[in-house]
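Data first, discussion second: the structure below is written as structure tokens.
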Amino acid sequence: MNFTFTFLDKQNTEKFLPQLFEILHSNMSIIAPTGNTYEEDFAMWNSCIFPAIQKENRQIVLIYSDEKLAGYFQYYTTDISLMMEEIQLKKEYHSSGAFRQLYSWLIPKLPQNLQYVEAYSNKQNLKSQKILEHFGLAKCGENKNGNSYYYKGEYHKLAALYKQPQF
């Protein structure tokens with residue numbers, strides 16, 4: 001399966017947020033249900049994500065398959081770190097090779113001075129934790145409310161996974 005990628009045009013953020021939340025909710029409501037209605041969860045998420053995405057170093061990559069939105073990847077960079085905030089794919093694209101293609105596309109576009117890669121994974125999301133470990137990240141702690149693990153690793157190890165062609 002082939003995927004295409006594009007950065008979200010931040011001037012069109014409001015147009016895409018309902019679609020992105022639909023993907024996020026369909027995945028996470030199974031793993032970590034909030035007990036809220038869909039509308040309540042969307043309102044809470046939207047109030048956080050809209051101002052956050054306006055920051056210069058934060059990006060959302062839209063992931064397409066056959067011109068249909070298949071998922072997204074949200075991240076930001078600091079002077080030395082890549083913080084992987086959210087990667088969500090519609091269920092039909094799980095285990096499709098989208099991660100490999102995404103990172104192969106993205107790594108050359110990231111700042112060359114990055115030293116670390118960081119992420120959080122909900123404690124209930126075992127698949128996400130295994131992916132982060134595959135990327136070379138190690139569990140180093142928890143978030144403030146204790147519902148997610150904090151992971152950190154060396155950026156060059158992640159980049160090396162996707163710089164060379166796989167046969």
Side-chain angles (χ1 to χ4, degrees), residues 3-78 81-96 98-99 101-103 105-106 109-111 114 116-135 137 139-153 158:
F3 294 92
T4 56
F5 310 95
T6 186
F7 289 105
L8 172 69
D9 177 353
K10 292 183 180 187
Q11 293 182 12
N12 291 325
T13 299
E14 286 186 77
K15 171 185 162 189
F16 279 94
L17 290 183
Q19 297 171 69
L20 301 183
F21 182 75
E22 183 180 330
I23 297 168
L24 171 69
H25 188 269
S26 70
N27 290 329
M28 293 307 294
S29 64
I30 296 165
I31 296 167
T34 64
N36 298 332
T37 66
Y38 183 91
E39 292 75 19
E40 290 169 332
D41 281 343
F42 177 74
M44 188 179 323
W45 178 79
N46 191 51
S47 71
C48 295
I49 192 68
F50 187 77
I53 196 60
Q54 300 309 314
K55 294 181 179 171
E56 183 179 340
N57 289 347
R58 182 169 277 120
Q59 296 291 333
I60 292 179
V61 176
L62 302 174
I63 304 168
Y64 290 93
S65 176
D66 296 326
E67 300 183 26
K68 288 177 32 182
L69 185 63
Y72 69 97
F73 176 57
Q74 179 182 322
Y75 72 92
Y76 70 87
T77 58
T78 67
S81 290
L82 166 65
M83 173 56 86
M84 301 185 299
E85 294 184 293
E86 197 73 60
I87 185 160
Q88 296 291 333
L89 293 170
K90 291 181 178 178
K91 286 178 184 42
E92 61 263 35
Y93 300 106
H94 290 191
S95 302
S96 64
F99 278 8
Q101 291 179 50
L102 167 66
Y103 282 99
W105 176 84
L106 183 62
K109 294 168 176 49
L110 293 173
L114 297 176
Y116 303 104
V117 59
E118 302 172 75
Y120 288 92
S121 177
N122 185 285
K123 289 181 176 181
Q124 306 303 313
N125 195 340
L126 301 178
K127 185 173 185 176
S128 172
Q129 293 168 35
K130 292 212 180 298
I131 291 168
L132 293 174
E133 290 166 3
H134 170 74
F135 287 167
L137 281 69
K139 193 183 309 177
C140 299
E142 297 180 353
N143 66 345
K144 289 179 185 174
N145 67 14
N147 66 359
S148 295
Y149 292 120
Y150 168 68
Y151 284 80
K152 187 172 184 178
L158 172 67

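Computed over heavy atoms, backbone and side chain alike; hydrogens, waters and symmetry mates excluded. In this text the structure is predicted, and so the values were computed from the model without any measurement.
Within 6.0 Å of the NZ atom in K109, the count of heavy atoms belonging to other residues, nucleotides or ligands exceeds 12. Other residues, nucleotides and ligands contribute at most 12 non-hydrogen atoms within 6.0 Å of the CG atom of D66. By the 6.0 Å contact criterion, CD on Q54 is enclosed, its count of non-hydrogen atoms from other residues, nucleotides or ligands being greater than 12.
Taking the side chain as every heavy atom from C-beta outward, V117 and M84 approach each other to under 4.5 Å. Annotation: side chain of L158 is in contact with side chain of L82 (closest heavy-atom distance under 4.5 Å). For the pair Y75 and L106, the minimum side-chain heavy-atom distance is below 4.5 Å. Using a 4.5 Å cut-off on side-chain heavy atoms (C-beta onward), I87 and L102 make contact. Using a 4.5 Å heavy-atom cutoff, the side chains of F42 and E22 are not in contact. Put simply, the side chain of Y149 does not reach to within 4.5 Å of the side chain of L132, judged on heavy atoms.
Among all heavy-atom pairs drawn from F5 and A98, the shortest one is CZ-O, 4.2 Å. Closest of all the heavy-atom pairs between Y76 and T78 is CE1-CG2, 3.9 Å. In terms of heavy-atom proximity, S26 sits nearest to K91 at O-NZ, 2.6 Å.
Legend: residues meeting side-chain contact (heavy atoms from CB on, under 4.5 Å) with K90, ordered by chain and number and at least two apart, are I23, E92, Y93. Applying the side chain to side chain donor-acceptor pair (under 3.5 Å) test to S96 and every residue at least two apart in sequence or in another chain returns nothing. Judged as a side-chain contact (heavy atoms from CB on, under 4.5 Å), and not counting sequence neighbours, the contacts of K127 are H94, S95, N125, I131. Residues meeting the side-chain contact (heavy atoms from CB on, under 4.5 Å) test with S148, sequence neighbours left out: Y120, N122, N143.
The CD atom of Q129 sits 8.5 Å away from the CD atom of Q124 when rounded to the nearest 0.5 Å. Separation of atoms NZ (K152) and SG (C140) is listed at 7.5 Å; rounding is to 0.5 Å. Taking CG of L126 as the start and CD1 of I31 as the end, the distance is 8.5 Å to the nearest 0.5 Å. One distance of note links CD of E142 with OG of S121; it measures 12.0 Å at 0.5 Å rounding. Put simply, CZ on F3 and CG on L89 are 7.0 Å apart, with the number rounded to the nearest 0.5 Å. Taking CE of M28 as the reference point, atom OG1 of T34 lies at 10.5 Å (rounded to 0.5 Å).
Counting only residues at least two apart or on different chains, no salt bridge (charged side-chain N to carboxylate O under 4.0 Å, His left out) pair has a member in residues 3-13.
E86 and Y72 are not linked by any side-chain donor-acceptor pair at a separation below 3.5 angstrom, with hydrogens and angles left out of the test.
Taking the six-membered ring for Trp and thresholds of 30 and 60 degrees, Y38 and H25 have ring planes more than 60 degrees apart, a perpendicular arrangement.
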**Study point:** Stepwise side chain to side chain contact (heavy atoms under 4.5 Å, CB included) check, N147 with K123
**Key:** CA-CA 6 Å; N147 66 359; K123 289 181 176 181; 5.8 Å; no

Check your understanding: Going through the distances and angles, do F50 and L17 end up as a side chain to side chain contact (heavy atoms under 4.5 Å, CB included)?
Key -> CA-CA 8 Å; F50 187 77; L17 290 183; 3.9 Å; yes

Only pairs under 3.5 Å count here: list side-chain donor-acceptor contacts from residues 55-64, not counting sequence neighbours, and write none if there are none.
unit_1, atom_1, unit_2, atom_2, d
N57, ND2, T77, O, 3.3
R58, NE, E85, OE1, 2.8
R58, NE, E85, OE2, 3.4
R58, NH1, A52, O, 3.0
R58, NH2, E85, OE2, 3.0

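Less than 6.0 angstrom separates the ring centroid of Y103 from the ring centroid of F135.
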